[in-house]
> 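Can you read through this structure? Questions will come right after.
Just so you know, these numbers use all the heavy atoms, side chains as well, and skip hydrogens, waters and symmetry mates. Just so you know, these numbers come straight off a predicted model, no measurement behind them.
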Amino acid sequence: MKLFIFALLLLLSGCRQDKISSYTVPKEERGGPKVSETHSSTTISWTVPAGWIEQEPSSMRVASFAIKGKQGGEADLSIVPLSGEAGGLLANINRWRSQIGLGPVEDKESKKLTLEINPGGRTMTLVDLAGGSSPHHNGELRMMIAIYKKGDTSWFFKMVGDKEVVISAKSDFLKFLSSLQFKHTE
């Protein structure tokens, strides 16, 4: 009888109702299209330039890429969707300037730091910042951010790192922006 009760308890302890979760994981295809889901279930895909190394995204990042320079320098590219205006252009520019060791600017001066671009037929704002330094990078830092407003979401495509790496990756960055595809009609 003790053996029967022990077997019954063992059987019952294995009968838990666990929550079943499913995740969409991008297929690893070097240089091919990658697909990720954002926090709002809007799907975005892109073509990864040669030499960019996909990194694990964080809670805010839809994707991250490491870009290695020829002289050992590096840059990081992140894709972050935020709702609304995400604080506004001037506040974002000053926050980004602070991240690379630069002081704040006034609205009039911030307009000189932006350029309208149209990769893939989409109107984006490009912010280009240079200066400052970091112990994690070789020399002067550079940051390029493309901002794309889609519906009630602001998409930020931010490349930051060693000046030479960011400058040499600018062409690939623009091609990357041109390759973006959103699931829903734009």
> Would a single hydrophobic cluster contain both Ile100 and Ile167, if residues Ile, Leu, Val, Met, Phe, Trp and Tyr are joined by side-chain heavy-atom contacts under 4.5 Å?
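In one cluster with Ile167: Ile100, no.
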> Side chains of Leu174 and Asp172: closer than 4.5 Å at any heavy-atom pair?
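No. Closest side-chain heavy atoms not under 4.5 Å.
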> Side-chain contact, heavy-atom cut-off 4.5 Å: Leu126 with Glu116?
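Counting from C-beta outward, Leu126 and Glu116 never come under 4.5 Å.
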> With rounding to the nearest 0.5 angstrom, report the NZ to OG1 distance, Lys175 to Thr47.
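Going from NZ on Lys175 over to OG1 on Thr47, the span is 11.5 Å.
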> What heavy-atom pair brings Lys149 and Gly84 nearest, and what distance separates the two atoms?
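Smallest interatomic distance, heavy atoms only, reads NZ-O, 3.6 Å.
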> Do the side chains of Val62 and Pro81 get nearer than 4.5 Å, heavy atoms only?
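Sidechains of Val62 and Pro81: in contact.
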> Could you work out, with side chain to side chain donor-acceptor pair (under 3.5 Å) as the rule, every residue matching Asn92, not counting sequence neighbours?
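Once residues adjacent in sequence are excluded, the partners of Asn92 under the side chain to side chain donor-acceptor pair (under 3.5 Å) criterion are Arg95.
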> If you compare all heavy atoms of Gln99 against all heavy atoms of Lys158, which two are closest, and at what distance to 0.1 Å?
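Closest approach of Gln99 to Lys158, heavy atoms only: OE1-NZ, 2.9 Å.
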> Can you measure from CD1 (Ile145) to OG (Ser78) and round to the nearest 0.5 angstrom?
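It is 9.0 Å, given to the nearest 0.5 Å.
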> Please step through side-chain contact (heavy atoms from CB on, under 4.5 Å) for the pair Asn118 and Arg122, ending with a clear verdict.
CA-CA 5 Å; Asn118 294 290; Arg122 290 178 198 89; over 6 Å; no
> Using only atom types and a distance under 3.5 Å, with no angle test, would you say the side chain of Arg97 pairs donor to acceptor with the backbone of Gly103?
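Indeed, once roles are kept as given, a pair shorter than 3.5 Å links the two residues.
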> Find the distance between NZ (Lys163) and CD (Glu140) and round it off to the nearest 0.5 Å.
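Answer rounded to 0.5 Å: 4.0 Å.
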> Do you reckon Ile79 sits in the same ILVMFWY cluster as Ile117, going by side-chain contacts under 4.5 Å, direct or chained?
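The answer is yes; both residues are in one hydrophobic cluster.
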> Between Val127 and Met143, does a side-chain contact (heavy atoms from CB on, under 4.5 Å) hold up when you go through it step by step?
CA-CA 8 Å; Val127 179; Met143 184 183 290; over 6 Å; no
> Who passes ring-ring contact (aromatic ring centres under 6.0 Å, His included) against Phe156, sequence neighbours left out?
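Expected list: Trp96.
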> Can you name the residues that form a side chain to side chain donor-acceptor pair (under 3.5 Å) with Asp152, not counting sequence neighbours?
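Not a single residue meets the side chain to side chain donor-acceptor pair (under 3.5 Å) criterion with Asp152.
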> Please evaluate residues Leu77 and Phe173 with respect to the criterion side-chain contact (heavy atoms from CB on, under 4.5 Å), reporting the C-alpha separation (whole Å), side-chain torsions for both, the decisive distance (0.1 Å), and the verdict.
CA-CA 9 Å; Leu77 182 122; Phe173 181 56; 3.3 Å; yes
> A side-chain contact here means heavy atoms from C-beta on lying under 4.5 Å apart; do Thr114 and Leu89 qualify?
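Yes, their side chains come closer than 4.5 Å.
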> Could you list the residues that satisfy salt bridge (Lys or Arg N to Asp or Glu O under 4.0 Å) with Lys111, not counting sequence neighbours?
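Lys111 satisfies salt bridge (Lys or Arg N to Asp or Glu O under 4.0 Å) with Asp107 only.
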> So which atom in Ser64 and which in Pro57 form the shortest heavy-atom distance, rounded to 0.1 Å?
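For Ser64 and Pro57, the tightest heavy-atom pair comes out as OG-CA, 4.3 Å.
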> Is there a donor-acceptor pair under 3.5 Å between the side chain of Lys108 and the backbone N or O of Ser110?
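Looks like no, no N/O pair under 3.5 Å.
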> Any side-chain heavy-atom pair from Met60 and Leu82 closer than 4.5 angstrom?
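Answer yes - side chains close enough.
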> Would you say Ile147 and Leu113 are hydrophobically clustered, going by side-chain heavy atoms of ILVMFWY under 4.5 Å?
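Linked within one cluster.
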> Name all residues meeting the side chain to side chain donor-acceptor pair (under 3.5 Å) criterion together with Ser59; count only those two or more places apart in sequence or in a different chain, and write none if there are none.
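Result, side chain to side chain donor-acceptor pair (under 3.5 Å) vs Ser59: none returned.
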> Kindly indicate whether the side chain of Lys150, heavy atoms from C-beta on, has any atom under 4.5 Å from the side chain of Trp155.
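A side-chain contact exists here, since the closest heavy-atom pair is under 4.5 Å.
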> Do Met159 and Ile67 have side-chain heavy atoms sitting under 4.5 Å apart?
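Met159 reaches Ile67 side chain to side chain.
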> So, for Ala130 and Leu102, which heavy atoms are closest and what is the spacing to 0.1 Å?
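Where Ala130 meets Leu102 most closely, the heavy atoms are O-CD1, 3.3 Å.
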> Looking only at non-hydrogen atoms, find the nearest pair between Asp162 and Leu141 and report the distance.
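That closest heavy-atom pairing would be N-CD2, 4.4 Å.
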> For Asn94 and Val105, indicate whether the former's side chain and the latter's backbone hold a donor-acceptor pair under 3.5 Å.
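Confirmed, Asn94 side chain pairs with Val105 backbone.
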> Go through the steps to decide whether Phe157 and Leu180 satisfy the test side-chain contact (heavy atoms from CB on, under 4.5 Å), and finish with yes or no.
CA-CA 11 Å; Phe157 303 89; Leu180 297 173; 3.4 Å; yes
> To the nearest 0.5 Å, how far apart are OH in Tyr148 and OG1 in Thr153?
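Atom-to-atom, Tyr148:OH and Thr153:OG1 are 10.5 Å apart.
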> Applying salt bridge (Lys or Arg N to Asp or Glu O under 4.0 Å), which residue pairs with at least one partner in residues 55-72 are found, sequence neighbours left out?
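As it turns out, the salt bridge (Lys or Arg N to Asp or Glu O under 4.0 Å) pairs with a partner in residues 55-72, which skip direct neighbours, are Arg61-Asp76, Lys68-Glu74.
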> Find out whether Phe65 and Val48 are in side-chain contact, i.e. whether some heavy atom of one side chain is under 4.5 Å from a heavy atom of the other.
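The answer is yes; the side chains approach within 4.5 Å.
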